Amino acid sequence: MFHKHVFGNTSTNSLASVLAWEDITIFEEAESGQQLSSTICIPCQPSVYVTSLLYSVCKEISRVGSSTVDRSILEYLSGSLFGVMVTVHEQLMVEVSQKKLVIPQDCALQLLFNVRFLSRVLVEPAVMVERFKAICSQLQAFVDPFDLDVFMPHISSNLERHVQRSIVLLGLLVVAKGPQVSLTHQPPMNRGAQEKSSIVSVGQQVPRIMSLPISSAQSLAQQSHQLQDVRVETEQSLAGTFAFFHL
């Protein structure tokens, strides 16, 4: 199934399986000195089939008892899984070369994000490092060099941020990866804009307990004077009432 999805990812129809791409506004300076802005779209998460496969592996490990599985076994499983991923993408590149196909730039960027995400989550055997770099180079060849220079910093930032978000979901594979997976938060490239949630807002965010007002010393004194004035007026009114009845 993974092989089928990867080979089908060379057409633009496969973008229907992508949840969302991120819109980023970049600013450039023209030759006249005027500052121009443009919006680019880049992947911010791996394809659905990649996440589904990794999550199914974690579910299977949990089913047999993750606490009873030795770490060496998890490392071997993660490394073997990464080797299968590399082999599948190598077969894709061979087929594209033999049939002289051209992968659309959007699909190449999504595939590049997928393989880089796999390399960040899974264990990379030493024999697979060069093969992995070759796949990345071949995918980058389908992207315009100028666009690639603009996209890559933002793609790397999105990649690190998504790895942080996937630690809980893919915890067993991350444990096998070891300390190579950073647990520190990576700020977004566009520091001027606030990062938005990728889920639909289901309601207004309100605090569970409203803050109580804190009165200052001056306001407390004013309230004390007001209460004293009300008490004096009440006493005067009662005194007048009693005097009337005595008459």
Side-chain angles (χ1 to χ4, degrees), residues 5-51 85 89 92-93 96-97 99-121 129 132-167 169 180-205:
H5 282 296
V6 171
F7 276 71
N9 206 24
T10 57
S11 64
T12 54
N13 295 331
S14 64
L15 294 179
S17 62
V18 179
L19 295 180
W21 280 30
E22 183 179 9
D23 296 333
I24 296 180
T25 302
I26 59 176
F27 298 93
E28 301 174 345
E29 186 175 352
E31 295 180 356
S32 60
Q34 183 181 4
Q35 192 175 29
L36 304 176
S37 63
S38 58
T39 302
I40 61 175
C41 296
I42 59 173
C44 57
Q45 54 191 331
S47 300
V48 178
Y49 62 87
V50 175
T51 305
M85 305 294 185
H89 285 86
L92 172 64
M93 293 294 101
V96 169
S97 177
K99 296 183 179 181
K100 297 182 180 180
L101 302 176
V102 177
I103 301 178
Q105 177 168 302
D106 293 340
C107 297
L109 288 174
Q110 185 62 59
L111 285 171
L112 182 62
F113 191 97
N114 292 347
V115 295
R116 291 189 61 186
F117 176 75
L118 292 171
S119 70
R120 292 288 288 112
V121 175
V129 174
F132 164 75
K133 292 181 180 179
I135 293 175
C136 292
S137 300
Q138 293 173 354
L139 290 174
Q140 292 175 2
F142 292 100
V143 183
D144 182 82
F146 175 78
D147 292 342
L148 186 64
D149 293 338
V150 176
F151 292 165
M152 286 309 297
H154 299 284
I155 291 179
S156 299
S157 177
N158 286 351
L159 176 65
E160 295 300 325
R161 190 163 70 248
H162 190 75
V163 169
Q164 302 301 320
R165 294 172 177 173
S166 304
I167 287 178
L169 183 65
Q180 301 178 28
V181 179
S182 174
L183 299 178
T184 58
H185 175 69
Q186 297 291 335
M189 290 289 298
N190 190 3
R191 297 177 181 269
Q194 184 177 3
E195 182 181 356
K196 297 182 180 180
S197 174
S198 60
I199 62 176
V200 179
S201 177
V202 295
Q204 295 182 351
Q205 296 182 356

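It should be emphasised that the depicted structure is a prediction, and the values quoted were computed from it without experimental measurement. Values reported hereafter were calculated over all heavy atoms of this structure, with side chains retained and with hydrogens, waters and symmetry mates removed. Numbers for residues simply follow the sequence, beginning at 1.
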Output for pair (Leu139 CG, Leu148 CG), nearest 0.5 Å, gives 11.0 Å
May I ask you to decide if [Y]'s main-chain N or O and [X]'s side chain share a donor-acceptor pair within less than 3.5 Å?
| X | Y | answer |
| --- | --- | --- |
| Gln105 | Asp144 | yes |
| Ser119 | Arg116 | yes |
| Ser157 | Pro153 | no |
| Gln110 | Gln45 | yes |
| Asn158 | Ile42 | no |

Once side chain to side chain donor-acceptor pair (under 3.5 Å) is applied, do any residues pair with Lys100, and if so which ones, sequence neighbours excluded?
none
Taking side chain to side chain donor-acceptor pair (under 3.5 Å) as the test, write out the residues that go with Gln140, two or more places apart.
none
Where at least one partner belongs to residues 100-121, residue pairs that pass ring pair (Phe, Tyr, Trp, His ring centres under 6.0 Å), sequence neighbours excluded:
Phe117-His162
side-chain contact (heavy atoms from CB on, under 4.5 Å) involving [X] - partner list, sequence neighbours excluded:
| X | answer |
| --- | --- |
| Ser38 | Ile26 |
| Ser137 | none |
| Asp149 | none |

Hey, are the side chains of Leu109 and Phe142 touching, using non-hydrogen atoms and a 4.5 Å cut-off?
no
Decide whether Thr39 and Asp23 meet the rule of one side-chain donor and one side-chain acceptor closer than 3.5 Å.
no
Given side chain to side chain contact (heavy atoms under 4.5 Å, CB included), test Ile103 with Met93 step by step and report yes or no.
CA-CA 10 Å; Ile103 301 178; Met93 293 294 101; 3.7 Å; yes
Residues at least two apart in sequence or cross-chain that pass ring pair (Phe, Tyr, Trp, His ring centres under 6.0 Å) with Phe151, listed by chain then number, are none
